[in-house]
Amino acid sequence: MLKKKLVYLDNAATSFPKPGQVYRKMDYCMRNVGANPGRSGHRMAIKADEMIYETRETIKKFFNMPGSENIVFTSNATMALNFGLKGVLQKGDEVVTSSIEHNSVFRPLMQLKKKEGVRVTFVPCSKDGFLDPDDVKKAVTGKTKLIIVNHASNVTGTITPVREIGKIAKKSGVIFFIDAAQTAGNVPIDVQEDYIDMLACSGHKSLLGPQGTGILYVGPGLKLNTIIEGGTGSSSESEKQPELLPDKLESGTLNTAGIAGLGAGVDFILDTGLNEIIGKKYLLIKKLLDNLKNLEKIKIYGPGDPKKIVPIVSFNINSIDPSEVGCLLDERFGIMTRVGLHCSPLAHKTIGSFPRGTVRVSIGFFNTEEDVDYLIKSIKNILKIKT
């Protein structure tokens, strides 16, 4: 039996650990800047507002967004996706999406279909989770208002060619919305070059920020209906919600410490270099795939090519339920993965792993070759024990 270690390989759910500067920035904010941003006029409130603004500017730079006012802070990617979908789609609209979408897209669309009569077209992906832009083009009609796609599957890691789809949307006069929960911090994203009108992502995954943070980018000229109304610190004399972004979509007190931590996480990526981060993860995921492919009774889902995926690998040991594999990895070997359907039943139906799901391994920047070696040895031990 291997000597038990503690290895975290669930970074697609939440990255861990965070860079030291994230912890320090949040600690400083909580201890020294405890006031509400954008409300009072005293020095602590002004400092809180400055920290929020600094993070907006950092995110603007990271994604090449045209203005920091186009950035709306949310609690997570799910909230951002709901704000975007329900803010744009109205009764009778048509939307095109894919067969690998997360429930954060699928469920709001089903609610809009039921309550507002929104028509939803699901474009089938391949067994590897690949979405062909030509198939998206064929699905767009003269009545299509929105295309929303997962930039990378949280099950297979398969990267969607968003720039090609963005061109299709632009040419067709359709709003293009991407779910970048798994790609922000893993893949270069340029909202202007990629023709992206709206982008949603979490702050706590590969952007290396804390939980309770998310981003919705709303492109220039887009008008969204509000889901939540309330205090914004601006236009307080009016009974109506302000029209100005980001205030229109940011009712209530913001998570100042969390947003400051998110800014520190993105600063870490910028300072380290996104290409260096991508390169390290690529080598680790390649090592994992190369080793898994040499093991009998292992089925790998997705392309199996580290150049076509974010650092996510889903697999099954043919004769063992994935929940049992995950339990063994955790309890016997101290390896933390995620098992089951990953809130993405559509993706699992597409790749043929529904209803039992898969074991998902997701690599982070702070993982090492030793972590991957230990995982492979642990899987070999499970194969000996259970097969």
Thinking salt bridges, do D134 and K138 make one under a 4.0 Å N-O criterion? no

Under 3.5 Å, is there a donor-acceptor pair between the H151 and T160 side chains? no

Give the cluster check for M51 versus M30: same hydrophobic cluster or not, with ILVMFWY residues linked at side-chain heavy-atom distances below 4.5 Å. no

Closer than 3.5 angstrom, by distance alone: can the side chain of Y301 be matched with the main-chain N or O of H348 as a donor-acceptor pair? no

Can you establish whether the number of heavy atoms outside M110 located under 6.0 Å from its atom CE is more than 12? yes

Spell out, yes or no, whether V372 and V359 are grouped together once hydrophobic residues are joined by side-chain heavy atoms under 4.5 Å, including indirect joins. yes

How many angstroms lie between CG in L295 and CD1 in I382, if you round to the nearest 0.5 Å? 11.0 Å

Gap between atom OG1 of T368 and atom CG of L284 - 0.5 Å precision: 7.5 Å

Distance col, row T141:OG1 vs E94:CD, nearest 0.5 angstrom, shows 4.0 Å

Is the count of non-hydrogen atoms from other residues, nucleotides or ligands lying under 6.0 Å from F354 atom CZ greater than 12? yes

Kindly give the heavy-atom pair with the smallest separation between E164 and P133, and that separation in Å. CB-CG, 3.9 Å

Any pair with a residue in residues 360-373 that passes salt bridge (Lys or Arg N to Asp or Glu O under 4.0 Å), sequence neighbours left out, goes on the list, sorted by first then second residue, please. D10-R360, K287-E369, K287-D373

Give a yes or no answer on whether the side chain of Q182 reaches the backbone of N154 with a donor-acceptor pair at less than 3.5 Å. no

Does the pair V33 and E50 meet the rule for a side-chain contact (heavy atoms from CB on, under 4.5 Å), with working shown? CA-CA 10 Å; V33 191; E50 287 174 355; over 6 Å; no

Quick one: does any side-chain atom of D197 pair with a main-chain N or O of G219 as donor and acceptor, under 3.5 Å? no

Chi angles and distances behind the side-chain contact (heavy atoms from CB on, under 4.5 Å) call for F73, I59: CA-CA 11 Å; F73 289 118; I59 291 169; 3.7 Å; yes

Can you check whether P303 reaches I309 side chain to side chain, under 4.5 Å on heavy atoms? yes

Determine, step by step, whether D128 and S126 satisfy the side chain to side chain donor-acceptor pair (under 3.5 Å) criterion, reporting the C-alpha distance in whole Å, the side-chain angles of both residues, the deciding distance to 0.1 Å, and the verdict. CA-CA 5 Å; D128 290 338; S126 71; 5.0 Å; no

Do T156 side-chain atoms and T158 backbone N/O form a donor-acceptor pair below 3.5 Å? yes

According to a 4.5 Å side-chain heavy-atom criterion applied to Ile, Leu, Val, Met, Phe, Trp and Tyr, with indirect links allowed, do I196 and I71 form part of one hydrophobic cluster? yes

Looking at Y195, does the NZ or CZ of K167 lie under 6.0 angstrom from its six-membered ring centre and within 45 degrees of the ring axis? no

Counting only heavy atoms not in K137 (residues, nucleotides, ligands), do more than 12 fall under 6.0 Å from its NZ? no

Evaluate side-chain contact (heavy atoms from CB on, under 4.5 Å) for F177 paired with L146, printing each intermediate quantity in order. CA-CA 7 Å; F177 191 5; L146 176 77; 3.7 Å; yes

Kindly indicate whether the side chain of N225, heavy atoms from C-beta on, has any atom under 4.5 Å from the side chain of K86. no

Got more than 12 heavy atoms from elsewhere within 6.0 Å of CZ, R107? no

Quiz question: by atom type and distance under 3.5 Å, do the side chains of S353 and T358 form a donor-acceptor pair? no

Side chains of Y217 and P66: does their closest heavy-atom pair fall under 4.5 Å? yes

Quick one: pull up NZ in K170 and CD1 in I175 and give me the separation to the nearest 0.5 Å. 11.5 Å

Short side-chain to backbone donor-acceptor contact, K297 and N318, under 3.5 Å: no

Just verifying a value: how many Å separate F130 CZ and T350 OG1, rounded to the nearest 0.5 Å? 14.0 Å

Give me the one residue out of L112, V95, V96 that meets side chain to side chain contact (heavy atoms under 4.5 Å, CB included) with V120. V95

Answer yes or no: is there a donor N or O on one side and an acceptor on the other, between the side chain of E101 and the main chain of L346, under 3.5 Å? no

Taking every non-hydrogen atom, the tightest pair across P210 and L262: CD-N, 3.6 Å

Are there over 12 heavy-atom neighbours, none belonging to F268, within less than 6.0 Å of that residue's CZ? yes

What closest approach, in Å, do A184 and F63 show between heavy atoms, and which atom pair accounts for it? CB-CZ, 3.8 Å

Would a distance-only check, ignoring hydrogens and angles, find a side-chain to backbone donor-acceptor pair under 3.5 Å from K143 to G92? no

Ring centres under 6.0 angstrom apart (F16, Y8): yes

Just checking, is any N or O donor in the side chain of H342 or S344 under 3.5 Å from an acceptor N or O on the other one? no

For K240, does its backbone N or O pair with a side-chain atom of E229 as donor and acceptor, under 3.5 Å? no

T78 and L81, any side-chain heavy atoms less than 4.5 Å apart: no

Are L85 and F176 connected in a single hydrophobic cluster, I mean Ile/Leu/Val/Met/Phe/Trp/Tyr linked by side-chain heavy atoms less than 4.5 Å apart? no

Is there a donor-acceptor contact under 3.5 Å from the side chain of T97 to the main chain of I148? yes

NZ or CZ of K18 within 45° of Y23 ring axis and under 6.0 Å: no

Using only heavy-atom distances, determine whether the side chains of S251 and Q241 contain a donor-acceptor pair under 3.5 Å. yes

Determine whether L328 and K386 satisfy the following criterion, side-chain contact (heavy atoms from CB on, under 4.5 Å), listing intermediate values before the conclusion. CA-CA 10 Å; L328 287 168; K386 302 297 294 186; 4.0 Å; yes

Atom NE2 in H204, atom CD in Q211: separation rounded to 0.5 Å? 6.0 Å

K5 atom NZ, neighbour heavy-atom count above 12 within 6.0 Å: yes

Quick one: does L89's side chain get under 4.5 Å of E116's, heavy atoms only? no

Flag side-chain contact, heavy atom, 4.5 Å: N82 against T74: no

Which heavy atom of R56 sits nearest to which heavy atom of S68, and what is that distance? CD-O, 3.5 Å

Any side-chain heavy-atom pair from I100 and V155 closer than 4.5 angstrom? no

So for atom NZ, which belongs to K293, do other residues, nucleotides or ligands contribute more than 12 heavy atoms lying within a distance under 6.0 Å? yes

Under 3.5 Å, is there a donor-acceptor pair between the side chain of S362 and the main chain of N11? yes

Which atom of D93 lies closest to which atom of V88, heavy atoms considered: OD2-O, 3.9 Å

In short, T121 meets A139 closest at the heavy-atom pair CG2-CB, 4.0 Å

Treating Ile, Leu, Val, Met, Phe, Trp and Tyr as nodes and any side-chain heavy-atom pair under 4.5 angstrom as an edge, say whether I159 and L199 lie in one connected cluster. no

Is any side-chain heavy atom of L289 closer than 4.5 Å to one of P306? yes

